[in-house]
Amino acid sequence: MKSVVPSFAHRLMAWPRPLFRSALDLLYPPRCAACVVRLPSPAAADFCPACEAILEPVAASACQICSEPFPGLLPHGFTCPNCADQTFAFDCAISSWHSSGPLREAIHRFKYGRHLHLRLPLARKLFDTLSDPRLTQPGPPAHHMEEPDAPPAESPETIPDWILVPVPLHPRRLRERRFNQSAELARTLSKLSGLPCQDLLRRTRYTTAQAALSRKERLKNLAGAFLPVARKGAPIPSHILLIDDVFTTGSTAHECATALKKAGARRIIVLTVARG
Ligand SMILES: [Zn+2]
Ligand SMILES: [Zn+2]
């Protein structure tokens, strides 16, 4: 028979918030998300000062599509040679931070070390992308060719109602990893920002690890691997923020965006914690 006596954890949850926080800090002292050094309690930051100092923000002078940084003053709307050569199904990919040093370590600990609590510090880094002006700019960038019968781009005064959509994992990979890092990040970002989060995609094929493959091989490996989730009577939202942990070649994001655009989405911006 189930006990009616509240567990210690339940009793702790009922405490006033500052007291609860202090009790939790005593049990689980706050630690740096990367090097695990103990932080002063209550922690004012997610990384220790030494790690924080070497986090690398993505420079303001970067490609408008893939956020690849380029030194020097770039013309407005600059597109890098890599993006000029190809058409992505998403409008652009935004990361505020480079995947290097302590941030790469924190992502690695979260994803492969199963330190699920790191979703909060990492979602805070993802939150930084929401202030990017490309989220409030009208329509797709000028170089993207619209379909002839596509609806017109929204007027500059309109701020789109963005929906957060995580990149899905194949059920087999989900069993192996036990959680979908993109879904955890998207749900935490949803709590931080108030933007709704919906699981609109499913992965239909179990694909081999992408890391060792070239861009061309990645695209071939992923072709048709994502499908929209069937939702009775609910159309696919028109403005989607596709959420993932790291942006590298853009192949996964391209395949996800292809499936979402085929299903009716009009604008898709990829937001990642970091850029590889
Ligand atoms: Zn540290
Ligand atoms: Zn680019």
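Throughout, numbering of the chain's residues begins at 1 and tracks the sequence. Remember, it's 1-based here, ligands and their atoms both numbered in the order they're listed.
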Ignoring hydrogens and geometry, is there a side-chain-to-backbone donor-acceptor pair from [X] to [Y] under 3.5 Å?
{"X": "T272", "Y": "A274", "answer": "yes"}
{"X": "R119", "Y": "L189", "answer": "no"}
{"X": "R109", "Y": "A33", "answer": "yes"}

Please tell me whether Q64 and T79 have a donor and an acceptor in their side chains that are separated by less than 3.5 angstrom. no

Electrostatic pair R173:E176 at N-O distance under 4.0 angstrom: yes

Does R266 come within less than 4.0 Å of D91, counting only side-chain N to carboxylate O? no

For F78 and F70, take the angle between the two ring planes, folded into 0 to 90°, and tell me which bin it lands in: parallel under 30, tilted 30 to 60, perpendicular over 60. perpendicular

State yes or no: are the ring centers of F110 and H115 separated by less than 6.0 Å? no

Name the one of P69, S67, C66 that satisfies side-chain contact (heavy atoms from CB on, under 4.5 Å) with C80? C66

Pull up every protein N/O/S atom sitting under 2.8 Å from the Zn ion (ligand 2), skipping waters. C63 SG, C66 SG, C80 SG, C83 SG

Less than 2.8 Å from the Zn ion (ligand 1) is the window; count the protein N, O or S atoms in it. 4

